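Here the structure is laid out as structure tokens; the discussion comes afterwards.
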Amino acid sequence: MIDINLIRSDKAGVAAALAKRGYTAELDGILDLDAARREIIGKTEALKAEKNKVSADIPRMKKNGEDVQPVFAKMREIGEQISASDEKLKTIEDELRHNLLCLPNLPDADVVAGGKENNAVIKIYGEKPSFDFPIKNHVELCESLKLIDYERGVKLAGNGSWLYTGRGAVIEWALLNYFIKTHITDGYTFVLPPHMLNYECGLGAGQFPKFEDDVYRVDTAEDGAARRFMLPTAETALVNIYRGEILEEKDMPKKLFAYTPCYRKEAGSYRAEERGMIRGHQFDKVEMVQVTTPDSSKAAFEELVGKACALVEGLGLHYRLSKLAAGDCSASMARTYDIEVWIPSMGIYKEVSSVSNANDYQARRNMTRYRDGNGKIGYVHTLNGSGLATSRILPAIVEQYQNRNGSVTVPEVLREFVGTDVIK
RNA sequence: GGAGAAGUACCCAAGUGGCUCAAGGGGCUCCCCUGCUAAGGGAGUAGUUCGGUAACACGGAGCGCGGGUUCAAAUCCCGCCUUCUCCGCCA
């Protein structure tokens with residue numbers, strides 16, 4: 001959520017920043033609501049102050065045997081004005097809050113305007129592997145090596161679902177272990193959160209109200225705690241752990257990671273060329289999150305990018321790191337770097353990790369704050385990064401590590417978990 | 001799913017409609033006395049949030065959450081959430 005004070009003081013600046021993502025903001029409407037809100041608060045509170053004052057007098061008047069009926073009549077009138085006023089205020093505040101919740105985050109100053117086409121590659125690791133034989137794509141490899149059963153996956157759950165079998169499941173699990181082990185070594189706290197989250201989590205993470213339809217709802221109730229959904233990423237859970245809390249600066253940063261499957265509808269996004277596990281309704285991901293003070297969030301961002309890169313490099317995969325243009329960053333994020341790994345059969349790079357800094361955007365939504373050494377309270381910064389998503393790593397591995405005879409060499413870091421050097 | 005009990009500030013806790021716009025205690029902070037791994041006396045202590053102000057002042061909200069009744073609600077009524085105890089169900 002964008003600070004209303006910033007919109008008040010620098011409307012043009014906010015509009016310009018949002019324009020970088022191609023978003024046209026209705027800031028005048030918001031400012032009108034804001035002004036209306038403050039005006040009505042002033043009126044209502046004057047009435048309430050009067051009510052409190054008179055109320056305090058009533059017991060005394062009664063004691064002295066004075067006639068309180070005229071006072072009652074007047075108070076009833078004030079009471080009616082107050083409730084009318086409060087009702088109006090609630091309507092205004094609801095609308096104001098909704099409008100603010102729908103505004104995307106302000107991109108950082110150094111994030112360039114525009115969409116995908118303006119993304120900038122800032123690092124390339126390794127080289128495109130060259131093959132002196134006709135390569136197979138990951139679907140062919142996974143089928144022939146019996147790593148993935150696509151057809152039976154569809155039988156169980158429909159299009160966009162697959163079944164890891166045997167060595168496929170082992171490699172998947174090995175990847176997760178490799179990631180988990182690394183994060184623990186780096187001092188991050190391992191979290192296994194619930195997969196069904198309440199509505200507030202979606203709001204706090206910035207996915208709701210805009211992307212409500214992109215998640216799987218598990219309760220049909222329209223409101224209340226029963227309105228739960230399957231998390232689309234562990235970020236949704238992790239950034240809400242401290243929702244509504246005031247952290248002590250000395251206990252920060254919070255460095256967390258979680259493993260969860262991610263559940264997504266991906267409606268309309270399935271493309272013919274993205275066969276196999278490139279995009280599915282359920283995929284595994286290890287997610288990193290940091291909760292920091294504003295001063296340390298930039299350094300934390302670099303740390304997360306470094307960690308994500310190190311994981312892919314550890315696997316020996318050719319990838320590129322891109323700094324996304326404003327329009328390609330997700331709505332909640334001020335900056336995002338993507339790690340894209342080379343998929344030989346497609347001849348393109350595919351995202352396997354996305355590291356982002358939300359600044360205080362999520363913290364303002366879910367009221368996550370911290371108290372510094374002087375007792376001053378401020379909003380935290382939240383950062384997240386995949387470390388990593390396996391559904392695209394596994395295809396990249398089998399494709400980049402494939403051999404002439406159809407076997408796949410197991411990356412060295414996974415061998416202790418897989419128990420073999422080559423999958424035949 | 002059913003029955004019962006509970007939810008008050010950092011912690012414990014009193015409080016069945018009005019000098020309680022939350023008593024008392026613990027803890028914490030400061031002061032006094034004492035003088036050193038004691039003990040005693042006194043004062044302060046509602047965090048937060050919203051409006052307001054240059055900053056103060058000042059005012060509103062706030063007793064799990066949301067409504068309602070009333071001139072007035074921690075207190076009465078309704079709905080919900082959470083915790084505990086018991087029962088039922090349990091792939």
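The model shown is predicted, which means the values in this text are computed figures rather than measured ones.
Between the P atom of U49(B) and the NZ atom of Lys376(A) lies a distance of 11 Å, rounded to the nearest Å. Here U70(B) presents its P atom at 15 Å from CD1 of Ile82(A), a figure rounded to the nearest Å. With rounding to whole Å, Asp94(A) atom CG is found 16 Å from C50(B) atom C1'. For Gln81(A) and G60(B), the CD to P distance is 17 Å, given to the nearest whole Å.
At a threshold of 4.0 angstrom between heavy atoms, the contacts of Ile78(A) with the nucleic acid are absent.
At C71(B), one or more side-chain N or O atoms of Arg76(A) fall inside 4.0 Å of OP1 or OP2 (strictly under the cut-off). An OP1 or OP2 oxygen of A61(B) is reached within less than 4.0 angstrom by a side-chain nitrogen or oxygen of Asn52(A). Listed pair Arg369(A) / U49(B) meets the phosphate criterion, a side-chain N or O lying under 4.0 Å from OP1 or OP2. One finds a side-chain N or O of Arg38(A) lying less than 4.0 angstrom from the OP1 or OP2 phosphate oxygen of G52(B). For Arg37(A) and G51(B), the shortest distance from a side-chain N or O to OP1 or OP2 is below 4.0 Å.
Among residues at least two apart or in separate chains, ring pair (Phe, Tyr, Trp, His ring centres under 6.0 Å) pairs with a member in residues 349-387 of chain A are His318(A)-Tyr349(A), Trp342(A)-Tyr349(A).
When the P atom is used for both A73(B) and G64(B), the distance is 16 Å, rounded to whole Å. A gap of 14 Å separates the C1' atoms of A38(B) and C33(B), to the nearest Å. Straight-line distance between the P atoms of G41(B) and G26(B): roughly 10 Å, to the nearest whole Å.
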Return a table of donor-acceptor pairs under 3.5 angstrom between the side chains of residues 322-329 of chain A and protein atoms on other chains or two or more places apart.
from: Ser322(A); atom 1: OG; to: Glu340(A); atom 2: OE1; distance (Å): 3.4
from: Lys323(A); atom 1: NZ; to: Asp110(A); atom 2: O; distance (Å): 3.1
from: Lys323(A); atom 1: NZ; to: Asp110(A); atom 2: OD2; distance (Å): 2.7
from: Asp328(A); atom 1: OD2; to: Asn119(A); atom 2: ND2; distance (Å): 2.9

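Along RNA chain B, the nucleotide closest to Gly42(A) and the one closest to Lys53(A) are compared, and the more 5′ of them pairs with Gly42(A).
Considering every non-hydrogen atom in both Arg243(A) and Asn366(A), the closest pair reads CG-O, 3.3 Å.
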Handout entry: Residues Glu200(A), Phe208(A); criterion side-chain contact (heavy atoms from CB on, under 4.5 Å); working and verdict
Key = CA-CA 9 Å; Glu200(A) 285 70 27; Phe208(A) 296 170; over 6 Å; no

